[in-house]
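Worksheet for the structure shown next.
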Amino acid sequence: MQDSKWQTLTRPLIDDNPLTLQILGICSALAVTTALDTALLMSFVVVCVLALGSGSVSLIRNQLPHSVRIIAQITIIASLVIIADQVLQAYAFELSKRLSVFVGLIITNCIVLGRAESFAMHNRFIPSVLDGIGNGLGYSLILIIVGAIREFFGKGSLLNVQILVPTSQGGGFEPLHLMLLPPSAFFIIGGIIWLIRSRRPRQVEKPEFTLRRSTETGE
Amino acid sequence: MSEAVKQENTLRAIGVTLAVAFICALLVSAIAVSLRPIHRANIEAERVAQLQLVLEALSDIGSAQSLDSLEARVVDLESGEFDDSIDPATFDAERAASRPATSVTIPADLDVAGLKRRALHAQVYLIRDSSNRIDMIILPVSGRGYQSTLRAWLVLDGKGRTVLALKFYQHGETPGVGARIEEPEWQKQWRDLPAYDDAGVLRIGVRSPTAGAYSEDAEYQVDAISGATRTAQGVHGMMRFWMGEFGFGLFLQRVREEQL
């Protein structure tokens with residue numbers, strides 16, 4: 001039992017990562033990873049929302065009529081996200097301005113509703129919370145890696161601490177501006193997916209359609 | 001399924017949904033209300049921080065001032081007159097510019113700053129000299145840059161003829177390229193720059209790199225930043241728009257004619 005709980009928590013990190021295996025939540029991953037600090041804050045909020053959201057959905061799963069379950073789930077998730085946004089605006093004002101709409105958009109992050117619907121509706125409270133935290137951490141792991149790479153190569157800094165001195169200030173580092181633009185996150189996430197799948201070939205999807213070999217050679 | 005069970009299910013669905021909605025609404029309102037004082041304090045702190053930048057801009061040009069010496073007024077941009085019915089302390093320029101009731105669409109041919117809409121009012125700061133005449137005018141200006149909206153304080157002399165300083169307080173331009181608009185080296189160029197020629201034509205702006213240092217606009221315009229063409233064009237458009245007739249033009253004209 002202890003083992004399976006541990007697995008619920010750790011499987012979403014690499015083996016069942018919501019971002020790299022299920023390719024969910026990509027939109028926010030592109031938007032908030034230009035710097036490490038925004039990526040960390042976003043990760044923290046998503047972990048909280050996922051844990052609390054999955055937990056609360058699990059608590060009322062037996063009372064929840066099948067026909068209105070999605071609307072109830074969304075109501076809970078939306079409330080949690082609004083609360084998180086309000087708290088950030090109060091205690092992390094500067095960062096929350098930089099995250100702008102993307103905190104609010106956690107409501108539409110497929111990972112949150114996906115876990116509530118596919119896991120929390122069928123499991124008890126503790127495993128659901130663990131599953132929420134695990135998936136949140138899996139999302140965070142990728143976000144933090146991408147955020148660190150983008151900030152380091154795009155600005156030469158990490159957490160706003162200058163590590164490489166850019167040429168404009170007399171140093172020898174030429175910032176890679178591409179890293180600060182959204183496409184770079186696509187490239188990095190693509191690279192991570194490739195890396196994981198070449199290590200774990202099990203994750204490679206079978207092609208859904210294969211071209212039929214032509215029987216008429218035309219000769 | 002019997003009729004009774006069906007009805008019970010429907011009632012339960014409504015009941016559970018209402019309960020969930022009620023609890024969520026209660027939580028959200030409780031949090032929002034209890035955090036409101038902190039939100040207000042944050043916004044106030046941001047306003048003070050912006051004012052500090054104004055003071056910084058003034059001390060850069062050798063005119064150290066304190067917060068108290070800034071006179072905040074709201075200007076009606078349509079008439080160019082002060083509108084004292086609006087309290088400067090509660091005036092939210094960004095909000096005003098985004099609401100249809102408090103803003104106007106900028107005609108496409110005049111929209112050189114790429115703003116699309118402009119608030120009907122603007123909050124400005126004035127500094128008066130010992131004989132209570134306007135000594136300096138500080139205007140909020142904004143315009144579309146390369147990848148963000150540029151926001152700056154524009155400091156003019158008491159006649160509104162000469163630019164004394166331009167201080168950017170918000171932008172998201174590329175670090176090391178467009179973001180150099182906030183470097184002191186570049187900002188220094190905006191010191192004591194005449195905005196109009198003798199015929200009263202608006203000439204201020206950012207010189208196009210192809211124009212060269214000997215163009216006829218040289219004495220009214222600053223150098224662009226190499227590699228940041230779009231940002232430079234944005235700053236140019238911003239200056240032309242806000243000093244032009246659809247921006248603060250009427251207000252500045254009234255200041256010149258000493259009607260204020």
Side-chain angles (χ1 to χ4, degrees), chain A residues 34-35 52-53 56-57 59-98 100 151 154-157 160 162 165-169 171 173-182, chain B residues 1 5-47 49 94 146-149 170-180 182-183 185-186 225-228 231:
Chain A
T34 45
L52 293 172
S56 352
V57 169
L59 277 181
I60 59 164
R61 71 183 188 284
N62 293 328
Q63 318 302 322
L64 213 53
H66 195 70
S67 50
V68 293
R69 68 188 193 286
I70 299 277
I71 237 169
Q73 288 165 12
I74 280 289
T75 309
I76 292 171
I77 293 166
S79 309
L80 287 171
V81 170
I82 296 170
I83 291 171
D85 195 23
Q86 294 279 322
V87 171
L88 285 191
Q89 278 182 30
Y91 297 106
F93 187 59
E94 281 302 310
L95 272 176
S96 84
K97 271 203 309 189
R98 279 170 56 203
S100 64
E151 187 178 347
K155 291 186 205 144
S157 61
N160 294 323
Q162 203 71 35
V165 186
T167 43
S168 58
Q169 287 160 34
F173 169 68
E174 184 64 52
L176 200 56
H177 294 134
L178 172 69
M179 282 294 166
L180 300 177
L181 304 174
Chain B
M1 207 185 278
V5 174
K6 242 188 210 165
Q7 192 161 16
E8 196 216 85
N9 273 351
T10 314
L11 280 179
R12 216 178 98 185
I14 295 173
V16 172
T17 321
L18 278 178
V20 168
F22 182 73
I23 294 169
C24 287
L26 206 65
L27 271 175
V28 167
S29 348
I31 297 271
V33 170
S34 61
L35 290 179
R36 192 168 295 156
I38 306 180
H39 290 169
R40 288 231 178 94
N42 282 339
I43 290 166
E44 179 59 23
E46 191 187 24
R47 207 178 68 86
E94 266 178 64
Y146 167 51
Q147 55 184 12
S148 65
T149 301
Q170 196 189 81
H171 70 83
E173 299 297 278
T174 323
V177 190
R180 289 177 60 195
E182 61 177 30
E183 285 180 5
E185 281 302 305
W186 195 75
I225 297 167
S226 60
T231 306

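Proteins come first, then strands; the chains are lettered A, B, ... in the order of their sequence lines, and each starts at number 1. All heavy atoms count here, side chains included; hydrogens, waters and symmetry mates do not.
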Exercise for the section: Measure distances from A/L181 to the heavy atoms of chain B and classify the residue's part below 4.5 Å as side chain, backbone, both or neither. Expected result: side chain
Exercise for the section: Applying side chain to side chain contact (heavy atoms under 4.5 Å, CB included), name anything that partners B/Q170, two or more places apart in sequence or on another chain. Expected result: B/R151
Exercise for the section: State whether the side chain of A/R69 and the backbone N or O of A/H66 hold a donor-acceptor pair below 3.5 Å, judged by distance alone. Expected result: yes
Practice task
Please list, chain by chain and in numerical order, all residues satisfying salt bridge (Lys or Arg N to Asp or Glu O under 4.0 Å) with A/R98, sequence neighbours excluded.
Solution key: A/D37
Completion exercise
Looking only at A/V68, A/I83, A/I71, A/D85, the option with the highest number of non-hydrogen pairs under 4.5 Å against chain B is A/I83
Practice task
Would you check if A/I76 and B/V20 make a side-chain contact, meaning some heavy-atom pair closer than 4.5 Å?
Solution key: yes
Handout entry: Part of B/E183 within contact of chain A (heavy atom distance under 4.5 Å)
Key = neither
Problem - Options B/I23, B/L35, B/I43, B/N42, ranked by heavy-atom pairs under 4.5 Å with chain A, top entry - result: B/N42
Exercise for the section: For B/E173 and B/S148, test the side chains for any donor-to-acceptor distance below 3.5 angstrom and give the result as yes or no. Expected result: yes
Problem - Per-residue contact mode, A/I82 against chain B (heavy atom under 4.5 angstrom) - result: side chain
Problem - Under 4.5 Å from a heavy atom of chain A, the part of B/V16 involved - result: side chain
